Amino acid sequence: MKGAPLAERIRAEVADDVRELGEVGLATLQVGEDEASTVYLRLKHQAAAEVEIVSVDRKLPHAITENELLGLVADLNADEAIDGILVQLPLPEHIDEARVIAAVEPVKDVDGFHPFNAGQLYLGRPAHVPATPLGVMALLAEYRVQIDGSRAVVVGRSDIVGKPVAHLLLQANATVTICHSHTDDLERHTLDADVLVVAAGVPEVVTADMVKGGSAVVDVGINRVAGGLVGDVDPGAAERAAFLTPVPGGVGPMTIAMLLRNTVTAARYRRGLLAFPGIGR
Ligand code: NAD
């Protein structure tokens, strides 16, 4: 399941939407100089520029205080030209990540990390949903993988990938099992999976013999090793699975495309063209 062709189509759709909406604005906040974060942000801003989303890249010194950062978030919340706000994680130790995420106006929270948006997803009334899980579901839909009634196993329970993707699979009527670092006998679960989504951040934690024949496997992992980039699934699993996403070129391009789409959705919510699911909006 290649991500790039679908991601390109979605980006073209987003470009049309931006033209229709007029100006759409995205702001990112980065604290400190984490190298991987800088690379991810550069890709996000390049992608935004290509679809003519106006993006603002605020790079802040490591020494910024939590209150100063909260002040900047408040400014962006109040800025009419900004539709989406993205706080690049991780934040330095002296800043309470949860507090900063909770300070972003939910309608502008294009990462879908705010407790309001996480809660809406839990309740089955999704508002803004994190981009990577949306990308996983879009890939499965593109390749017409049967989800309704299937056994889906998610390896990983992070707030960014594992938990939200498990909720989306549940809403699509799969029977969902969530595995994590305390799961005993991982293979017993993965071998049962018609749909297997792996987001553990452990190089090739799922080996070929752990995959059910004829299944669909989505490898979210991106791990830097001596030989380059590897996923969480042994590429040899392609021999048994009906579908497998490559790393790189699978989920990665989808994440950025979905972030752009979320930004356009935020613009629609803010202009009253779409109702923001939840209370009082
Ligand atoms: P995380 O470290 O926050 O969470 C990892 C999860 O995996 C945890 O819930 C942990 O319990 C579980 N886990 C760890 N070791 C395990 C093991 N041996 N067996 C079973 N479960 C285990 O990571 P994350 O943010 O969810 O990211 C996961 C991976 O996905 C990373 O490699 C990350 O780089 C990648 N990622 C890719 C994209 C993308 O766009 N492709 C986006 C986000 C994350």
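None of these values were measured; they are calculated from a predicted model. Remember, it's 1-based here, ligands and their atoms both numbered in the order they're listed. Along the sequence shown, residues carry numbers from 1.
The protein non-hydrogen atom at the shortest distance from atom 20 (C) of ligand 1 is His180 O, 3.2 Å. The protein heavy atom nearest to atom 10 (C) of ligand 1 is Ser181 N, 3.9 Å. Among all non-hydrogen protein atoms, the one lying nearest atom 30 (O) of ligand 1 is Val220 O, 3.5 Å. Annotation: atom 14 (C) of ligand 1 to nearest protein heavy atom, Ala200 O, 3.7 Å.
With a 4.0 Å cut-off on non-hydrogen atoms, Val202 touches ligand 1 through its side chain and not its backbone.
Every atom of ligand 1 is numbered from 1 in the order shown, and the set under 4.0 Å from a heavy atom of Gly252 is 40 (O), 41 (N). Listed by number with element, the atoms of ligand 1 under 4.0 Å from a non-hydrogen atom of Val161 are 26 (O), 43 (C), 44 (C). Counting the atoms of ligand 1 from 1 in the order shown, those under 4.0 Å from a heavy atom of Thr255 are 39 (C), 40 (O). Which parts of ligand 1 touch Arg157 is read off a 4.0 Å heavy-atom cut-off, strictly below it: atoms 6 (C), 8 (C), 9 (O). Listed by atom number, the atoms of ligand 1 under 4.0 Å from Asn223 heavy atoms are 32 (O). Every atom of ligand 1 is numbered from 1 in the order shown, and the set under 4.0 Å from a heavy atom of Val205 is 18 (N). Ligand 1 places these atoms under 4.0 Å from at least one heavy atom of Val155: 20 (C), 21 (N).
The OG1 atom of Thr263 sits 10.5 Å away from atom CD1 of Ile82, with the distance rounded to the nearest 0.5 Å.
Results of the ring pair (Phe, Tyr, Trp, His ring centres under 6.0 Å) test with His128 over Phe113, Phe116, Tyr269 single out Tyr269 as the only residue that passes.
Side-chain N or O atoms of Ser150 include none that pairs as donor or acceptor with a backbone N or O of Asp194 at under 3.5 Å. Side chain of Lys108 to main chain of Asn77: a donor-acceptor pair is present (N/O by atom type, distance under 3.5 Å, no hydrogens or angles). Not a single donor-acceptor pair under 3.5 Å links the side chain of Glu66 to the backbone N or O of Ile95.
Closer than 4.0 Å to atom 36 (N) of ligand 1 lies at least one heavy atom of the protein.
Hydrophobic clustering places Val24 together with Ile85 (ILVMFWY residues linked when any side-chain heavy atoms are closer than 4.5 Å, directly or through intermediates). Residue Val165 is not grouped with residue Leu196 when hydrophobic side chains (ILVMFWY) are merged at heavy-atom distances under 4.5 angstrom, including chains of intermediate members. With hydrophobic clusters built from ILVMFWY side chains whose heavy atoms lie under 4.5 angstrom apart, Val217 shares a cluster with Val202. Note: the hydrophobic cluster containing Leu43 does not contain Leu6 (ILVMFWY, side chain heavy atoms under 4.5 Å, direct or indirect links).
The shortest N or O to N or O distance between Asp232 and ligand 1 is not below 3.5 Å.
No side-chain donor-acceptor contact under 3.5 Å links Asn67 and Thr65.
Here the shortest heavy-atom distance to atom 1 (P) of ligand 1, taken over Pro130, Gly201, Gly156, Ser158, belongs to Ser158. Taking only non-hydrogen atoms, the option from Ile222, Thr132, Ile160 nearest to atom 33 (C) of ligand 1 is Ile222.
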